[in-house]
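First comes the structure, then the notes that go with it.
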There are 2 protein chains.
Amino acid sequence: MLNISAEQHLSDGRNYHHGDLRRALISAARALITETQDWTFSLREVARRAGVSHNAPYNHFPEKRDMLAAVAADGFETLRQRTLQAIQSTQSAREALAKCAHAYVQNGVENPALYRLMFGSELARDNQWPDEAHAAGQRTKAVIEEIVCRGADSGEFAVDIDDTDELTGVVLSLWSAVHGLTMFVIDGMTGTSRSVPELVDQLVAMQCRGLRSRMAQ
Amino acid sequence: MLNISAEQHLSDGRNYHHGDLRRALISAARALITETQDWTFSLREVARRAGVSHNAPYNHFPEKRDMLAAVAADGFETLRQRTLQAIQSTQSAREALAKCAHAYVQNGVENPALYRLMFGSELARDNQWPDEAHAAGQRTKAVIEEIVCRGADSGEFAVDIDDTDELTGVVLSLWSAVHGLTMFVIDGMTGTSRSVPELVDQLVAMQCRGLRSRMAQ
DNA sequence: ACCTGAACACCGTTCAAGT
DNA sequence: ACCTGAACACCGTTCAAGT
């Protein structure tokens with residue numbers, strides 16, 4: 001994954017402090033988020049963990065927010081890889097969508113704070129996201145787009161993928177549903193005792209039904 | 001709405017500082033969020049705005065987080081009222097769902113920071129939400145549940161509302177989709193030039209299709 | 001180019017005290 | 001019961017200086 005350990009760097013012959021402090025800071029911050037399930041820790045604490053002075057981070061990030069944005073981008077990359085792996089060797093678009101959704105939700109459940117950072121975040125400044133995090137999010141979206149195109153090709157989904165607007169809208173609707181469910185599960189807002197996989201299955205079933213028949217809107 | 005002004009308090013004959021500082025603090029914080037589109041302001045700043053010493057808030061909230069949670073609950077209440085009003089005098093469940101979704105998304109777009117606070121939030125401590133915010137969220141969910149029940153009664157939606165699990169799952173799926181879309185619109189992650197109303201319409205159309213026919217899952 | 005240490009203006013929270 | 005003021009340990013960020 002993206003978490004290159006300190007040892008690897010050192011065995012590289014590169015000095016931890018001079019070779020890749022940026023990466024080390026991101027790793028340290030991500031580890032802190034994973035451990036504490038919170039990101040109210042200080043930038044100084046991250047620097048301490050990385051074994052550098054409390055200002056060293058400013059050589060790599062303009063301010064704290066930008067470092068968190070880099071962690072978020074890292075989280076998006078992990079999510080992308082996990083969903084991508086989940087749809088390997090699936091037999092149908094329908095199955096791929098289900099597998100993707102399960103992997104997606106589980107990724108969030110396993111590290112709620114990181115998932116919250118990726119989306120909920122005060123990363124936005126003036127309601128504008130840092131480019132790095134934004135781009136990483138778009139790459140994650142591409143996985144869903146691939147599934148939709150596959151379903152259209154196979155005839156499973158009644159989507160006109162040559163109509164860019166329609167394709168984008170469908171992809172966005174699907175991502176919205178899966179993302180929303182992930183948030184509610186994480187936040188304990190489901191208000192039911194049903195298992196997470198059951199909820200995911202029901203959501204996917206409903207979305208697939210919506211994609212199959214295309215009556216008057 | 002819930003924003004009772006200072007004047008109203010004073011005309012009540014109640015002293016602003018002794019009568020309802022809690023409410024005044026929530027209002028001040030909400031105003032700060034609305035103005036700055038951020039909630040990294042300090043608790044001391046909120047106290048300043050309310051014209052009290054920097055510790056007065058501690059008489060009403062155990063810590064800063066709890067005050068933000070109260071603001072979030074306030075935001076949920078506004079959202080609930082706006083969606084509730086949107087579905088008044090609608091002719092069908094289908095129309096109600098559309099109107100509700102439009103009002104919901106627009107509410108988020110009008111005050112992104114508040115919406116982010118309500119959901120994305122580091123309000124959670126140990127992944128557990130403050131009771132007040134949690135309860136307010138559940139009340140918002142009830143609006144969607146009402147629409148689904150109405151659609152089941154009228155035969156518009158093929159949902160067995162006597163099956164609690166199924167009903168909960170459907171409501172959660174719908175809420176997930178609308179919430180997810182709201183977040184993506186706010187975060188500028190839609191990756192399309194289509195208008196927000198168009199995206200909402202497409203999402204609603206897809207969800208309704210999913211609710212109408214019930215073939216083998 | 002990258003890192004350090006001192007410095008500045010702030011903050012969340014606690015505590016003893018006032019009414 | 002509610003509010004104040006002083007105090008504590010911290011933080012983000014800047015700056016001058018070191019290599």
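Below, chain A is the first sequence line, B the second, and so on; all start at residue 1.
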Query raised in the report: Sequence neighbours excluded, which residues qualify as side chain to side chain donor-acceptor pair (under 3.5 Å) partners of A:Thr164?
Result: none
Query raised in the report: Whole-Å distance between D:dC10 P and A:Phe41 CZ?
Result: 18 Å
Report summary line: Among the nucleotides D:dT4, D:dG12, C:dT4, whichever has the atom closest to the side chain of A:Leu43 is D:dG12
Report task. Using atom CG of B:Asp66 as one end and atom C1' of C:dT13 as the other, report the distance to the nearest whole Å. Result -> 13 Å
Report summary line: The side-chain contact (heavy atoms from CB on, under 4.5 Å) partners of B:Arg150 (sequence neighbours excluded) come to B:Thr90, B:Ala93, B:Ala96
Query raised in the report: What is the distance from NE2 of B:His60 to P of D:dA1, rounded to the nearest Å?
Result: 13 Å
Requested in this report: Return one dot-bracket line describing DNA chain D 5' to 3' (Watson-Crick or G-U wobble pairs, both distances under 3.5 Å; ( ) same strand, [ ] crossing, | another strand, . none).
Outcome: ||.|||||...|||||.||
**Report entry** Aromatic ring proximity B:His179/B:Tyr104, centre distance under 6.0 Å
**Finding:** no
Sub-3.5 Å pairs of nitrogen or oxygen atoms, protein against nucleotides 6-9 of chain D:
residue: D:dA6; atom: N6; partner: B:His54; partner atom: NE2; Å: 3.4
residue: D:dA6; atom: N6; partner: B:Asn55; partner atom: ND2; Å: 3.2

Requested in this report: Calculate the interatomic distance between A:Leu21 atom CG and C:dT4 atom C1'; express it in whole Å.
Outcome: 13 Å
Query raised in the report: In terms of side-chain geometry, is the basic nitrogen of B:Asp38 or A:Arg65 positioned less than 4.0 Å from the acidic oxygen of its partner?
Result: yes
Report task. Name the residue closer to the 5' end of DNA chain C, choosing between A:Ser53 and B:Glu63 according to the nucleotide with the nearest heavy atom. Result -> A:Ser53
Report summary line: For A:Ser195, the side-chain contact (heavy atoms from CB on, under 4.5 Å) test, sequence neighbours excluded, returns A:Pro197, A:Glu198
**Report entry** Note: A:Arg139-A:Glu145 ion pair, threshold 4.0 Å (strictly below)
**Finding:** no
Query raised in the report: Please give, in whole Å, the distance from D:dG12 P to A:Arg65 CZ?
Result: 13 Å
Report task. In whole angstrom, give the distance that lies between atom CG of A:Asn59 and atom P of D:dC15. Result -> 14 Å
Report summary line: From OH of B:Tyr58 across to P of C:dC11 the rounded distance in Å is 12 Å
Report summary line: Those residues at least two apart in sequence (or on a different chain) that pass salt bridge (Lys or Arg N to Asp or Glu O under 4.0 Å) with A:Lys99 are A:Glu95
Requested in this report: Would you kindly compare A:Pro62 and A:Arg48 by the position of their nearest DNA chain D nucleotide and give the one closer to the 5′ end?
Outcome: A:Arg48
Query raised in the report: Any luck finding a side-chain donor-acceptor pair between B:His102 and B:Asp201 under 3.5 Å?
Result: yes
Report task. Ignoring hydrogens and angles, tell me if any N or O in the side chain of A:Gln138 forms a donor-acceptor pair with the backbone of B:Gly191 under 3.5 Å. Result -> no
